[in-house]
Number of protein chains: 2
Amino acid sequence: MKKVTIKDVALKTGLSVSSISRVFNNYGDISAETIKKVTLAAKELGYTPNSAAKQLSSKKKKIIALILNEINVTRGVAMPLEILGGVVDNLDKTDYEFVFYATNSKKQNQKSLRQFCNERDITGLIIQGLRISDPYYQELETFDLPTVAIDLDIKNEKVGTVSTDNTKAAFEMTQLLDKAGYKNILFLNGTKTATVAQAREAGYREAVDNAQVYYANFSENEACKWAIEYAKMNDFNKIDAIFAASDLMAIGVIKAFRILDLEKNIAVAGFDDITLASYVTPSLTTVRQDMGKISEYAVKDLICQIEKDEIKHRFVPYQIIERESARLTTDKVKTKFEA
Amino acid sequence: MKKVTIKDVALKTGLSVSSISRVFNNYGDISAETIKKVTLAAKELGYTPNSAAKQLSSKKKKIIALILNEINVTRGVAMPLEILGGVVDNLDKTDYEFVFYATNSKKQNQKSLRQFCNERDITGLIIQGLRISDPYYQELETFDLPTVAIDLDIKNEKVGTVSTDNTKAAFEMTQLLDKAGYKNILFLNGTKTATVAQAREAGYREAVDNAQVYYANFSENEACKWAIEYAKMNDFNKIDAIFAASDLMAIGVIKAFRILDLEKNIAVAGFDDITLASYVTPSLTTVRQDMGKISEYAVKDLICQIEKDEIKHRFVPYQIIERESARLTTDKVKTKFEA
DNA sequence: CTGAAAGCGCTTACAG
DNA sequence: CTGAAAGCGCTTACAG
């Protein structure tokens with residue numbers, strides 16, 4: 001099958017290339033008859049405008065890139081997929097083209113954000129999964145293309161942000177645990193270089209007097225090991241609850257507690273509400289992030305930024321979900337809390 | 001920041017545009033000195049070749065598209081993400097460009113595969129998630145661009161395929177259940193329109209004398225409902241084991257069994273080994289698909305098809321994993337469902 | 001080893 | 001309402 005171009009349609013209809021282009025771009029100033037003729041001919045020939053040519057010749061490009069960092073690190077965490085699906089769905093409703101780009105620290109060192117955008121004629125971008133230590137994170141601080149960063153706290157007025165209010169959510173969860181009677185709450189954080197980790201820790205610290213914070217790299221395995229090590233050096237009986245900065249780490253802690261036979265004594269809460277959270281035993285009390293809304297606003301805010309130059313910093317509602325691993329009310333009556 | 005083009009590099013170096021192009025494409029026939037000059041100037045200017053222009057002007061294009069169908073239907077199933085990550089990683093090692101495209105039945109009706117490939121100058125494509133009822137499935141039967149289909153059985157000599165040997169795996173699992181003493185095995189399938197469902201059912205049927213097959217649309221919920229309904233009309237005591245065509249359905253059945261208080265009586269096996277499989281209680285006996293290898297071969301075979309015109313139909317090794325939900329040997333003393 | 005020029009498939013002022 | 005022509009940023013024969 002040979003490639004069919006705008007010329008073929010022009011030839012077939014006896015019109016000029018310009019006219020064909022005009023009907024395909026809905027330029028208004030065309031007779032109904034030519035529209036019909038062109039549409040028909042294009043259909044018969046199976047013509048589709050070539051996007052590379054379009055990009056190259058057009059002044060006003062409309063291409064939005066979604067950049068996801070470290071997409072395949074953790075089995076069981078489908079968050080990148082939810083964002084991908086959400087962004088695609090929301091972009092489908094607009095006339096922007098979609099470009100996906102998966103990166104990692106190695107690729108970041110080889111090609112800068114600016115280079116990528118230049119190479120692909122990117123109009124604006126949505127970016128997620130960056131850690132503070134990533135080259136792209138630094139680059140974003142002086143970046144000047146419309147950008148919305150998910151779960152990131154960029155000190156650049158030109159970069160919009162969308163995320164859960166991690167600090168508030170963590171604060172609230174800590175308070176609820178406290179109110180439920182868990183007085184001595186330990187916080188198991190991920191890494192110091194993740195924006196969300198810092199925000200969650202801040203919320204926890206606000207809510208307690210004597211903060212106890214440890215790190216387990218957002219890893220189930222490391223969380224499990226941490227708990228076992230901790231048990232050797234300290235008395236877990238002094239701890240009433242462990243609030244982990246991610247569900248995966250919460251699951252790791254529960255696994256350790258099963259080994260240590262501490263399961264019934266200490267409450268555990270997580271963060272994210274990944275799919276696993278509701279399937280494990282005990283099911284996880286956690287903070288649910290609304291990835292659907294996050295993707296939706298990422299797209300909306302980015303387009304708003306591109307078209308109206310308005311930059312937004314948005315928090316998307318979260319939900320605190322009480323399950324078996326930690327009680328959130330004194331009176332054992334299960335209630336859902338919304339924010 | 002203004003866009004820097006090949007012209008700027010030419011100007012800065014005093015060379016012609018052609019020469020710049022040559023060093024960027026490693027054309028050999030260039031003096032070491034110009035290479036150095038160009039490389040330096042490009043770096044200083046922050047030049048990156050524009051890929052749209054490159055595509056448009058170049059004869060030999062190298063763009064591989066990954067098309068994923070219905071990416072965001074089932075929460076908890078990260079398979080599309082694993083494929084995406086795998087394909088990206090493997091493509092990164094080559095000099096092919098990567099294009100991602102998420103589709104669904106609605107979009108398939110709006111834009112044909114051929115149109116998409118024409119629009120984007122696609123050299124070859126990897127496609128996954130299609131059901132037999134999908135427009136693209138039909139289109140693939142007469143498609144003539146290099147293509148590798150994952151988990152699909154296309155009756156087109158020009159389309160390569162990569163998948164688990166679903167029939168053999170299902171056959172083997174059924175046999176292992178039988179050998180372990182589960183004589184009366186029921187098969188709970190997904191949909192009749194999924195290639196993998198047909199293959200798995202075939203394997204099951206080969207292994208049993210009196211096939212009993214039901215469908216639950218690959219849905220956890222429907223599987224749960226099915227089991228409850230089945231219990232009303234039939235005697236579950238006659239069934240020794242249920243082999244579900246997906247882990248999610250297996251989990252649904254187990255949920256129903258918990259409600260029906262049948263948990264200890266009937267073994268359950270799944271297929272896929274999704275993350276949940278090892279976390280639920282009882283953990284799931286299942287067939288593990290090697291998505292890493294599947295993605296790897298999809299890329300390899302596609303490139304082989306593009307460059308050497310060799311079409312492959314490949315089965316990737318699977319692994320049968322025994323966990324708590326079903327015993328797979330008679331001798332091993334292991335009670336069902338022990339923690 | 002290097003340059004001038006045509007061309008890839010479109011869009012978009014500019015005329016008419 | 002329509003066409004001729006320049007141009008987007010590259011690549012690639014063709015000369016030299």
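Heavy-atom basis, side chains included; hydrogens, waters and symmetry copies ignored.
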* **Residues in salt bridge (charged side-chain N to carboxylate O under 4.0 Å, His left out) contact with Asp153(B), at least two apart in sequence or another chain** => none
* How many Å lie between CG on Asp8(A) and P on dG9(C), as a whole number? -> 9 Å
* Take atom CD1 of Ile35(A) and atom C1' of dT2(D), then tell me their distance rounded to the nearest Å. => 13 Å
* Asked: What residues, two or more places apart in sequence or in another chain, satisfy side-chain contact (heavy atoms from CB on, under 4.5 Å) together with Ser105(A)?
  -> Glu70(A), Arg131(A), Asp134(A)
* **Partners passing side-chain hydrogen bond (donor to acceptor under 3.5 Å, both in side chains) against Lys7(A) (at least two apart in sequence or in another chain)** => none
* Asked: Asp121(A) CG to dG9(D) P: how many Å, rounded?
  -> 9 Å
* Which whole-number value in Å describes the distance from Leu11(A) CG to dG3(D) C1'? -> 15 Å
* To do: For Lys308(A), check salt bridge (charged side-chain N to carboxylate O under 4.0 Å, His left out) against everything at least two apart and list the hits.
  => none
* Asked: Are any of Ser31(A)'s side-chain N or O atoms less than 4.0 Å away from OP1 or OP2 of dC1(D)?
  -> no
* Runs of at least three consecutive Watson-Crick or G-U pairs, both distances under 3.5 Å, are what I'm after; which ones involve DNA chain C? => C:1-3 with D:14-16, C:5-12 with D:5-12, C:14-16 with D:1-3
* List in chain and number order the residues that pass salt bridge (charged side-chain N to carboxylate O under 4.0 Å, His left out) with Lys293(B), two or more places apart in sequence or in another chain; answer none if no residue qualifies. => Glu296(B)
* Asked: Looking at OH of Tyr47(B) and OG1 of Thr5(B), how far apart are the two atoms once the value is rounded to the nearest 0.5 Å?
  -> 7.0 Å
* To do: Could you list all the ring pair (Phe, Tyr, Trp, His ring centres under 6.0 Å) pairs where at least one residue sits in residues 115-140 of chain A, not counting sequence neighbours?
  => Tyr101(A)-Phe116(A)
* Asked: What string of B, S and - do you get for nucleotides 10-16 of chain C, 5' to 3', if B is base contact, S is sugar-phosphate-only contact and - is no contact with any protein heavy atom under 4.0 Å?
  -> BBBB---
* Asked: Considering residues at least two apart in sequence or located in another chain, which fulfil the salt bridge (charged side-chain N to carboxylate O under 4.0 Å, His left out) criterion with Arg22(A)?
  -> none
* Identify whether any heavy atom of Ser51(B) sits under 4.0 Å from a base atom; if not, whether one sits that close to sugar-phosphate; answer base, sugar-phosphate or nothing. => nothing
